[in-house]
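Residue numbers begin at 1 in each chain, while the letters A, B, ... track the order of the sequences. Bear in mind the structure is a predicted one, so any value in this text is a computation, not a measurement. Side chains included, hydrogens not; waters and symmetry mates left out as well; all remaining heavy atoms used.
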There are 2 protein chains.
Amino acid sequence: MTGQVRTVDGRVAGRRGQATRQKLLDCLSEMLSSSPYRDVKVIDVARKAGTSPATFYQYFPDVEGAVLEVAEEMAKEGAGLTALVSGRSWVGKAGWQAAEELVEGFLDFWRRNDAILRVVDLGAAEGDKRFYKIRMKILNSVTNSLTDAVKDLQSKGKVDADVSPAAMAGSLVAMLAAVASHQKGFQTWGVKQAELKPNLALLVHLGITGKKPVK
Amino acid sequence: MTGQVRTVDGRVAGRRGQATRQKLLDCLSEMLSSSPYRDVKVIDVARKAGTSPATFYQYFPDVEGAVLEVAEEMAKEGAGLTALVSGRSWVGKAGWQAAEELVEGFLDFWRRNDAILRVVDLGAAEGDKRFYKIRMKILNSVTNSLTDAVKDLQSKGKVDADVSPAAMAGSLVAMLAAVASHQKGFQTWGVKQAELKPNLALLVHLGITGKKPVK
DNA sequence: ACTTGTCCTGTCATGCCGTCAGCTTACCGA
DNA sequence: TCGGTAAGCTGACGGCATGACAGGACAAGT
């Protein structure tokens, strides 16, 4: 482990300090949900947490630094997404169920953490390696499992050899992430959640197995 | 048409004014490519354009306002993406070609405009209707054509009736957009452009027709 | 040269950023 | 109980971006 939590100037944080730090993170998280990333100011976060800007700078170098912490917290939870895919069978009815549950779990996770995920996505797209790494951490858990699934099916001759497992898995996961972060958009556009999910599951199934699902 | 370009305080902009305005937009566009959205400041844009912040505020209410203009410009170009899909046949070899060219054209457009598209995506995800509308304008041209394609195949009984054309088209387009904006990410992850494209085309073809392509 | 309307900038009040010294609080050993 | 020490917090300050204004520079027509 990395050891204790430390302040910017090197002191180790005690009980009270950690509580303050966490409160700042929570408030930052709330702010990200309610206002554009660009407009989130240190002073607002501090005010909301009932403390002063100076205190904020004791624990984080800047807003971005704090955002990275929030993202890291979420990434830990996100690692649990592996459970949605690993050890699943992609054959027959089980395959369709696997696809459905993957979509369900993925969209749900994204909806619960949409604000911070938006920012992580932006950071990653802008080429910031720290954000990119966090995004990987979350997505890899799913992507790797899917990659393995495709490789497995390929080795059994059930999937064409010219499919690149990594590219396919990555594309599918990127799709899920994108649709998840624009869920509201789809609704305004006249597509209901209820019809969105089966279609995503269908695409996932088609992508992994190359075949229509048995329902 | 919207008529003449106007300054914030209501004057109509003349030849020189429009040139300055455009220069500011160009410089803003460059800044978006080279630094994080959050760090783009009016003063930097103005300096880069060889003018003063005050001039910037003559033409735009704030950075966001100017970004919307840049996005609008790009959206006009983006409307041309329709050509990639409309009037295409999705049957047999022509279908595979259609999928390949769609992917190719889409990724290319995204790569050329990645900086501004990132910001539009963020704005849309944050629920800003103005950004959302612009995103629609670009994607609709493709999405609608794809929706029609699916509907057409459905009416001929070539695609299952329980597929929702809009949801399917929307998901595919979202996937293309997502993969496009994380192209660099894929590369770092070990997936090459060359294997990415065919896989995307495969997914598009599978999604639209429900069948493996004839190459 | 003079007028007119467009265009740009110097300047200023305001507010956020990021840092520091210094004060308060909690813990601990004697 | 009593310092001593480290943790925790904040007021205050220089610096910089914001956004508004009035006034000067410039081009075009008379």
Minimum side-chain heavy-atom gap B:Val42-B:Asp62 below 4.5 Å: no

Counting only side-chain nitrogens and oxygens, does A:Tyr57 get under 4.0 Å of the OP1 or OP2 atom of C:dT19? no

Using a strict threshold of under 4.0 Å (side-chain N to carboxylate O), is an ion pair present between A:Asp44 and A:Lys48? no

Tell me: CZ of A:Phe56 to P of C:dC17, nearest whole Å? 9 Å

Atom pair distance, as rounded to whole Å: NZ in B:Lys23 and P in C:dC7: 16 Å

Using every non-hydrogen atom in the two residues, find where A:Phe186 and B:Tyr132 come nearest and quote the distance to one decimal. N-OH, 4.5 Å

For B:Phe60 and C:dC8, give me the distance from atom CZ to atom P, rounded to whole Å. 11 Å

Could you tell me whether A:Thr7 contacts a base, only the sugar-phosphate backbone, or nothing, with contacts defined as non-hydrogen atoms closer than 4.0 Å? nothing

Return the 5'-most residue of the pair B:Val63, B:Ala54 with respect to DNA chain D, ranking by each residue's nearest nucleotide. B:Val63

Look at the side-chain N and O atoms of B:Thr55 and state whether any lies under 4.0 Å from the OP1 or OP2 oxygen of C:dT9. yes

Any side-chain heavy atom of A:Glu73 sitting closer than 4.5 Å to one from A:Gln22? yes

Less than 4.0 Å between a side-chain N and a carboxylate O, is that true for A:Asp121 and A:Arg118? no

Check each residue of residues 35-47 of chain B for a non-hydrogen atom within less than 4.0 Å of any atom in DNA chain D, then write out the ones that pass by number, or none. B:Lys41, B:Val42, B:Ile43

Could you tell me whether a side-chain N or O of A:Arg38 sits under 3.5 Å from a main-chain N or O of B:Val40, the two making a donor and an acceptor? yes

Span of DNA chain D in contact with chain B (heavy atoms, under 4.0 Å): D:dA17 to D:dC21

Look at all strands and tell whether A:Arg16 reaches a base, only sugar-phosphate, or nothing, counting heavy atoms closer than 4.0 Å. sugar-phosphate

For A:Met31 and C:dC16, give me the distance from atom CE to atom C1', rounded to whole Å. 14 Å

Do the ring planes of B:Phe56 and B:Phe60 sit parallel (below 30°), tilted (30 to 60°) or perpendicular (above 60°)? tilted

Using a heavy-atom cut-off of under 4.0 Å over every strand shown, decide if A:Tyr59 touches base, sugar-phosphate, or nothing. sugar-phosphate

Whole angstrom is fine here: how far is it from CZ in A:Arg15 over to C1' in C:dT25? 14 Å

Find the distance A:Gln58:CD to C:dC23:C1' and express it as a whole number of Å. 13 Å

Indicate yes or no: at least one non-hydrogen side-chain atom of A:Asp128 is less than 4.5 angstrom from one of A:Glu64. yes

Here the pair of heavy atoms bringing A:Ala166 nearest to B:Val191 is CB-CG2, 3.8 Å

